Amino acid sequence: MSDNVEKYIKRNVNKGINSRIAQKFVDAGLEVMRSCINCGTCTGGCPSGRRTAYRTRSAIRRALTGDESVLSDIDIWLCSTCYYCYERCPRNIPVTDMIIKLRNIAVEEGYILDPHFSLANDIFYVTGHGVPANGEANKKWQDLRESYGLPPLPPTVHTHPEAVKEVQELLKSVGFTELMENAAKLKGERAKKEEKKEEVK
Amino acid sequence: MNQENQWRYGFFLGCVAPNRYPMIESSIRAVFDHLGAELLELEGAACCPAPGVFRAFHIPSWLIIAARNISIAEELGVSPLTGCNGCYGTLRDAWFEMEHEPHLKKMVNEHLAKIGRKYKGNLEPKHVVQALYLDMGIEYLRDHVKHKFKDLKVAVHYGCHILKPSDKRPWDGEYENPTFLDEIVELTGAKSINYQDKFMCCGAGGAVRTAVKEVSADFTREKLANIREAGADIIIDVCPFCHLQLDLGQMEANGVYKNMIGEPFKTPVIYLTQLLGLSFGIDPNKLGLIKNHNLAGVPPFISIDPFMEIVKEQLI
Ligand code: SF4
Ligand code: SF4
């Protein structure tokens, strides 16, 4: 392809890309979406799109054209990561991976849903499990384990306090804790703005 | 042939099986023991971490915690083995990505060094079904069958991440119409029946269950309606999270979509090794099929009594 044509395509498809967030889309590799031919196979086979307003093709396309509103939309959290779109895309675009990347950017920008935030910070970071069974509140799960001939707690982080520390240290080291603090801050600021708007009304 | 040495795995428990559905953990342990495979404990293992949530929050964190989990198995010189599609998705994708992108492995090891660990990547993470089908093989399993069902109609639920992404799975790229799980199920004399959208997702994954339970329950509703329509006696699955969704989620679908479904759903949900173990002649107590407690609010939420009746009539 000649340089001219290459430039022409870039300019037209990425016309929205000049903001900070749109640049993030590019950095995350979402540009592979440019080979999308809009065939709709991804949307057509999507089990989530069958029952919600979520449209795979449209979510990806919004990101590609630099439309930031895709990050605050609940739609990107409705993908069950079944990987049908990833498998069936005739252009070999790893669609599901792209959605996961969009979610990463959404979290960075503070668009993390409350149940997810609490799962990450109050459960996973504290216990090392996403679904824990330790502590008095979880006594029944320990009893259930015993009733099936297992020790009350599994040989995981639950019986190795030093392992929980390892997990926490890694999460700090890789920037997870910082990311969550920042997400909480951005979320808080946004909520305040909304409150003010309400007051003005 | 020394099978004990041949089939040694590090049993990666994950979260849902040990902490909510321990009957699944028991049955995997019992069946592997029966087959002469050794399961070593992965002491101090954490959440895989769950691909739909933690990977979606921050890919590098997901990769590093996954690498730490795999490294615990590496220290024992064995492949991590999981009975969960979600854990499989995480461990296998993380392993695959680090094998293909050396800079990721390097980045991961820089962090792991801080806690005195190292990720090597020389041992492939495996699913319980992969160990049964590819390591041991269908003939070896057949040799252990003692009892056969005469008339049991099974709706097999593969789930998503045991098959996909297919380029990172061991099934030769097959994801539209695989048969390995049906073959194992049919060893027991049961019939794997066809039903509409058999390979459809249960609805739990991708952070959807955590975020919007009604959407999850609607996936499950559709799945269960198709299964009931086809006349299945039970559902067989190979993932504790699918299992939770098809069992607890079955109750939720019965509530939320009461007006849509007619009769409430009541299809028992059984994990593969529970069924297989019965056919091998393993004590149902060891397979987590007999309730020995008076706890409330614990699974199975959908009674498995109708299934145990069939077991009594046909196997004993
Ligand atoms: S299936 Fe692939 S090419 Fe078709 S619309 Fe979706 S992303 Fe584009
Ligand atoms: S992976 Fe997500 S977007 Fe793709 S088909 Fe499945 S639910 Fe839809």
Side-chain angles (χ1 to χ4, degrees), chain A residues 47-48 50-52 74 77-84 86-87 94 96-97 99-101 103-104 107 112-113 115-116 119-120 124 128-133 138 140-141 143-150 154-160 162-164 166-167 169-171 173-176 179-180, chain B residues 13 15-16 18-20 22-23 25-26 41-47 49-61 64-65 68 111-112 114-115 117 160-161 164-166 175 200-201 203-208 210-212 215-216 218-219 222 285-286 288 291-293 295-298:
Chain A
S48 190
R50 284 222 287 273
R51 64 203 78 249
T52 67
I74 181 108
W77 297 100
L78 294 180
C79 159
S80 74
T81 67
C82 76
Y83 279 92
Y84 262 126
Y86 174 107
E87 296 287 350
T96 318
D97 293 350
I99 294 156
I100 289 174
K101 286 190 171 167
R103 288 180 175 184
N104 271 227
V107 171
I112 180 169
L113 302 171
H116 292 157
L119 171 65
F124 176 55
H129 270 301
V131 184
N138 282 317
K140 75 171 174 190
W141 301 114
D143 293 345
L144 186 68
R145 283 184 55 83
E146 284 198 288
S147 86
Y148 288 110
L150 297 164
T156 59
V157 277
H158 271 353
T159 41
H160 294 275
E162 75 289 354
V164 180
E166 279 186 19
V167 169
E169 205 167 309
L170 287 175
L171 289 176
S173 165
V174 69
F176 185 78
L179 175 78
M180 287 297 144
Chain B
L13 294 168
C15 297
V16 178
N19 297 340
R20 292 296 180 272
M23 54 290 266
E25 180 185 336
S26 296
E41 304 299 344
L42 298 183
E43 301 288 342
C47 174
V53 275
F54 302 116
R55 185 186 202 170
F57 302 159
H58 193 222
I59 294 169
S61 302
I64 280 167
I65 302 296
R68 177 187 171 274
H111 290 281
L112 287 181
K114 296 185 188 166
I115 58 161
R117 290 191 186 270
C160 303
H161 299 161
K164 296 171 280 179
S166 64
Y175 71 93
M200 184 191 153
C201 170
V208 178
T210 327
V212 209
V215 173
S216 259
D218 193 51
F219 275 68
E222 183 180 339
N285 272 297
K286 287 195 175 160
K291 181 180 154 189
N292 289 314
H293 62 75
L295 302 163
V298 297

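Chain naming here is simple, since letters A, B, ... match the order of the sequence lines and numbering starts at 1 in each. On a predicted model such as this, the values are computed, not experimentally measured, just so you know.
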Please identify, among [options], the residue contributing the most non-hydrogen atom pairs under 4.5 Å to chain B.
options	result
A/A133, A/A163, A/S80	A/S80
A/I99, A/I100, A/L144	A/L144
A/L113, A/L78, A/N138	A/L78
A/T159, A/L171, A/T81	A/T81
A/P94, A/P132, A/P154, A/G149	A/P132

[X] versus chain A, the contacting section by heavy-atom distance below 4.5 Å:
X	value
B/A296	backbone
B/V212	side chain
B/V53	side chain
B/E43	both
B/I59	both
B/F54	side chain
B/P49	side chain

Angle class for the A/H116/B/F57 ring planes (parallel below 30°, perpendicular above 60°, tilted otherwise)?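 Taking B/F57 first and then A/H116, their aromatic rings sit tilted (interplane angle of 30° to 60°).
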Classify the angle between the aromatic ring planes of B/H58 and A/F176 as parallel (below 30°), tilted (30 to 60°) or perpendicular (above 60°).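 Ring orientation, 0 to 90° scale: tilted.
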Interface residue of largest heavy-atom contact number with chain A, from [options], under 4.5 Å:
options	result
B/I64, B/D218, B/N292	B/D218
B/P51, B/S216, B/C201, B/A45	B/A45
B/R68, B/M200, B/M23	B/R68
B/C160, B/A56, B/C47	B/A56
B/P60, B/P165, B/A46	B/P165

Which atom of [X] lies closest to which atom of [Y], heavy atoms considered:
X	Y	result
A/R103	B/A207	NH1-CB, 4.1 Å
B/P22	A/Y148	CG-CD1, 4.0 Å
A/L150	B/S26	CD1-OG, 3.5 Å
B/L13	A/P155	CD1-CD, 3.6 Å

With a 4.5 angstrom heavy-atom cut-off, is it the side chain or the backbone of [X] that approaches chain B, or both, or neither?
X	value
A/V107	side chain
A/T96	neither
A/T52	side chain
A/C82	both

With side chains defined as the heavy atoms from C-beta onward, is the minimum distance between [X] and [Y] less than 4.5 Å?
X	Y	answer
A/H158	B/N19	yes
B/H293	A/D143	no
A/R50	B/F219	no

Does a salt bridge link A/E169 with B/K114, judged by any charged N lying under 4.0 Å from a carboxylate O?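 No.
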Quick one: does any side-chain atom of A/R145 pair with a main-chain N or O of B/P18 as donor and acceptor, under 3.5 Å?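 At least one qualifying donor-acceptor pair exists.
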